[in-house]
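Reading through the structure tokens given below for one structure.
Note: hydrogens, waters and symmetry copies are ignored here, and every other heavy atom, side chains too, is used. Remember, predicted model here, so these are calculated numbers, not experimental data.
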Amino acid sequence: MKLSELFTKTRKDAPADEVSKNAQLLIKAGFVHKEMAGVYTLLPLGYKVLENIIAIVKEEMDAVGGVQMKTSALQSRDVWDKTNRWDDEVVDNWFKTKLKNGTELGLSFTNEEAYSNIVKNFVRSYKDLPIYPYDFKTIFRNELRSKSGIMRGREFYWKALYSFSKDKKEHDMFYEKMQQAYTRVYDRVGIGDKTYMTFASGGTFSKYSHEFQAVSDAGEDTIYVDEQKNIAINKEVLSDEVLIDIGLDRASLIEQKAIEVGNIFTLEHKFSEPFGLTYTNEGGQEVPVFMGSYGIGITRLMGTVAEMLSDERGLVWPENIAPARVYLARLGNIPSVVSGADELYNRLTTAGIEVIYDDRDARPGEKFADADLMGIPYRVVVSDRTVQAGRHELKQRTKDDVETLSIDNIIETLTQ
Ligand code: ATP
Ligand code: MG
């Protein structure tokens, strides 16, 4: 991608009302545009990061048997009346609207009802189970506070998978597989070493649920971490009884602020019963389907990485999710430099390496500052001097040393 073709620009300051570090950085780097508190547009570079995170999550969901679909954002009231979750007294963060004829509609704030209502049309016998449908979706929540940038949107993007199993035994096996899939997701997006699986409240349906909490001062939650056992527990469920259940010792726990980047829930029959989602088992009896739910806030995850891995110069994207691998800074406009930089750009893109090519007429300092602010993992500099030497400068975003390498060696280093 050539910067001269990209319409976004970096800027010195974020809007005065933006208090979160992730949104400040993403706005300054030109990755997102703030519509209003809790509502953000993803600009081209931000959307690339989102797509990269989606690809990782999709791979991991498909690997455990997930099948992708796309549910509607507009939801009919009848479906929600079945579980008594339409009432504003019961769910306080609904966005609702009406058809011209007065029929009430809601904008999806979660998906258990929609999935149960859909799946019941297709499940008849034990032979139809288990199934693991999922989707990526824009979710709407009228959050009371929205001060955490894209980590708490009133409109946000998530992945939700629902498991439909024959019984608890089958469910438990899948639930454990999902714990591992989630761990791989957080590793691959670059925050695995700071993310803990925590014991959280299971609500009305099970003793515990599990959350995936990334340790950060920007977090809205408090967890207690046992670093040695690599496990944690949410403040809201901390009690001696719980500590004994998971074999933890109150002495060895450290209090930390953390961001909930995902959660997994055992739902049992809570949703299958009201929807009549049953199947005929091998003994010929009609029994309810055993359900689970598995969410990841995709935009929250992106904000979390931005927040946690950044430094005083700006964003720092891990290679797996960066909008490009290389920032190619061309210094000057003389023909030899232009053709040298063009050649390198073509060679890199032909080798399958994504490049942001800074072909603008701007000062070197400005180009270096933008490369850092955007957080691109590698920077290559092409100047009159490097063209004459036949070797260009390669530097990593997180390191200080600069290497001078031939084009072949640059490509070799970047494709390793
Ligand atoms: P929280 O406790 O942070 O309000 P939640 O427990 O209500 O979240 P779920 O309804 O279980 O969240 O949604 C699944 C996932 O979606 C969460 O683990 C989180 O990663 C993400 N998420 C929830 N609310 C938001 C939001 N307002 N903006 C961005 N992501 C969100
Ligand atoms: Mg929560």
Side-chain angles (χ1 to χ4, degrees), residues 19-24 37-38 40 53 57 91-93 109-110 139 141-160 175 178-179 182-183 185-187 189-243 245-246 248-250 252-267 292-310:
V19 292
S20 77
K21 183 166 89 173
N22 66 84
Q24 283 175 355
Y40 298 86
I53 297 174
V57 174
V91 172
D92 63 2
N93 60 11
F109 76 90
T110 186
I139 290 289
R141 289 188 189 175
N142 205 341
E143 303 273 4
L144 188 62
R145 287 176 68 251
S146 197
K147 294 194 184 313
S148 296
I150 68 165
M151 298 196 307
R152 184 170 294 285
R154 295 196 163 102
E155 173 182 331
F156 64 97
Y157 205 63
W158 85 358
K159 181 280 307 176
Y175 193 83
M178 280 300 257
Q179 294 181 352
Y182 269 48
T183 303
V185 166
Y186 303 117
D187 279 345
V189 301
I191 56 166
D193 58 335
K194 298 254 171 56
T195 304
Y196 293 89
M197 189 174 81
T198 72
F199 286 81
S201 161
T204 53
F205 7 101
S206 64
K207 196 160 185 188
Y208 307 116
S209 66
H210 292 94
E211 291 178 355
F212 291 80
Q213 293 272 4
V215 170
S216 161
D217 285 340
E220 296 181 17
D221 295 349
T222 302
I223 61 168
Y224 293 90
V225 179
D226 186 326
E227 282 178 354
Q228 228 132 60
K229 296 202 170 97
N230 199 31
I231 205 156
I233 178 165
N234 275 31
K235 188 172 187 173
E236 81 236 20
V237 295
L238 184 74
S239 70
D240 286 333
E241 188 204 336
V242 174
L243 290 174
D245 262 13
I246 55 170
L248 292 173
D249 180 2
R250 202 181 270 269
S252 57
L253 296 176
I254 304 166
E255 185 179 299
Q256 302 270 25
K257 284 268 166 227
I259 304 160
E260 183 194 320
V261 285
N263 61 17
I264 59 178
F265 259 94
T266 295
L267 301 174
S293 83
Y294 313 81
I296 293 182
I298 302 288
T299 37
R300 179 177 292 184
L301 191 50
M302 175 174 162
T304 302
V305 175
E307 184 96 23
M308 285 171 63
L309 302 187
S310 58

Could you state the interatomic distance from [atom1] ([X]) to [atom2] ([Y]), rounded to the nearest 0.5 Å?
X	Y	atom1	atom2	value
S209	N263	OG	CG	6.5 Å
E155	N142	CD	CG	12.5 Å
T304	I259	OG1	CD1	4.0 Å
F109	I139	CZ	CD1	9.0 Å
Q179	M197	CD	CE	4.0 Å
S216	Q256	OG	CD	10.0 Å

Please give me the minimum heavy-atom distance between [X] and [Y], naming the atom from each residue.
X	Y	result
V237	I233	CG2-CG1, 3.9 Å
A232	I223	CB-CD1, 4.1 Å
E236	S201	OE2-N, 3.7 Å

Where the side chain of [X] meets the backbone of [Y], is there a donor-acceptor pair that is under 3.5 Å apart?
X	Y	value
T299	Y157	yes
Y182	G295	yes
T198	A200	no
R152	K147	no
D249	S252	no
E260	Q213	no
Y186	V261	yes
N22	I150	yes
K159	Y294	yes

So with a 6.0 Å cut-off around [atom1] of [X], is the heavy-atom count from everything else above 12?
X	atom1	result
D217	CG	no
E255	CD	yes
R145	CZ	no

When you compare the side chain of [Y] with that of [X], does any pair of heavy atoms fall below 4.5 Å?
X	Y	value
K21	S310	yes
I264	F212	yes
L253	L243	yes
R154	N93	no
I246	I231	no

Does the side-chain contact (heavy atoms from CB on, under 4.5 Å) test come out yes or no for E211 and D221, once each step is laid out? CA-CA 11 Å; E211 291 178 355; D221 295 349; 4.2 Å; yes
Under the side-chain contact (heavy atoms from CB on, under 4.5 Å) rule, what do R141 and T110 come out as? Steps first, then yes or no, please. CA-CA 9 Å; R141 289 188 189 175; T110 186; 4.3 Å; yes
With no hydrogens and no angle check, do the side chains of S148 and E220 hold a donor and an acceptor under 3.5 Å apart? yes
Does the side chain of T222 come under 3.5 Å of the side chain of K257 through a donor N or O and an acceptor N or O? yes
Where do Y196 and E227 land on the side-chain contact (heavy atoms from CB on, under 4.5 Å) test, with the steps shown first? CA-CA 9 Å; Y196 293 89; E227 282 178 354; 3.7 Å; yes
For the residue pair F199 and Y208, categorise the inter-ring angle as parallel (less than 30°), tilted (30 to 60°) or perpendicular (more than 60°). perpendicular
